[in-house]
Amino acid sequence: MNFLPHPRREAEPGYTSALAETRAALSSTCERLVNCTSGRLPGRAIGSLCDLRRATDRLEQASRPRDGRAHVQLVQALHDLQEDVAELARHGGPSEAILRSPSLARAHRALSRLAG
């Protein structure tokens, strides 16, 4: 019998929590930016950028799951999405543009593989 805790088991709740935070950040980003007036868009985009950065940092600090490839894809998609949101904050554009972002779609796919 092995009475020592398995390190993999201890990391899973933390990673699950990081995934939940990521899901919430993606959802709030879409809700915050869709149908936003152009005057409020830069501030809302910056708020979304902060949420996405915090979620990405937490994922990067958490132990990787068994599907390390999906983890890497999710983190990369989140970095790319941060660039998209930062671009929206800097230059404006249609608020719905974030919904057409390929990085948002990639993040959702990777997240579903990890949370599945």
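None of these values were measured; they are calculated from a predicted model.
- Rounded to the nearest 0.5 angstrom, I46 CD1 and R90 CZ are separated by 10.0 Å.
- Rounding to the nearest 0.5 Å gives a distance of 11.0 Å between OG1 of T29 and CG of D84.
- L74 contributes atom CG, which lies 10.0 Å from atom CZ of R106 (distance to the nearest 0.5 angstrom).
- Remark: side-chain polar atoms of S27 are not paired, donor with acceptor, to backbone N or O of R23 under 3.5 angstrom.
- Rounded to the nearest 0.5 Å, atoms CG (L59) and OG1 (T22) are 3.5 Å apart.
- Checked by atom type and distance alone, the side chain of S48 pairs as donor or acceptor with a backbone atom of R44 at under 3.5 Å.
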- Message: Between L78 and L26, does the side chain to side chain contact (heavy atoms under 4.5 Å, CB included) criterion hold? Intermediate values first, please.
- Response: CA-CA 9 Å; L78 289 171; L26 290 172; 4.0 Å; yes
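- Annotation: side chain of Q76 is not in contact with side chain of H71 (no heavy-atom distance under 4.5 Å).
- Closest approach of L49 to Q82, counting heavy atoms only: CD1-O, 3.3 Å.
- For the pair R54 and D57, the salt-bridge criterion is not met [side-chain N within less than 4.0 Å of a carboxylate O].
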- Task: Check the pair R40, S95 against side chain to side chain donor-acceptor pair (under 3.5 Å), reporting the backbone distance first and the verdict last.
- Result: CA-CA 10 Å; R40 297 185 75 191; S95 59; over 6 Å; no
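- Atom CZ of R69 is surrounded by 12 or fewer heavy atoms from other residues, nucleotides or ligands within 6.0 Å.
- Note that CG of L33 is 8.5 Å distant from OG of S28, once rounded to the nearest 0.5 Å.
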- Task: Please lay out, stage by stage, how L81 and T56 fare under the test side chain to side chain contact (heavy atoms under 4.5 Å, CB included).
- Result: CA-CA 11 Å; L81 183 59; T56 304; over 6 Å; no
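- Smallest separation of non-hydrogen atoms from S63 and Y15: O-CD1, 3.0 Å.
- In this structure, the side chain of R58 does not engage the main chain of E21 through any donor-acceptor pair within 3.5 Å.
- Taking all atoms of both residues into account, the shortest heavy-atom contact from I98 to L104 is O-CD2, 3.3 Å.
- Side chains of S103 and E83 form no contact here, defined as non-hydrogen atoms less than 4.5 Å apart.
- For the residue pair A25 and D51, the shortest heavy atom distance occurs at CB-O, 3.8 Å.
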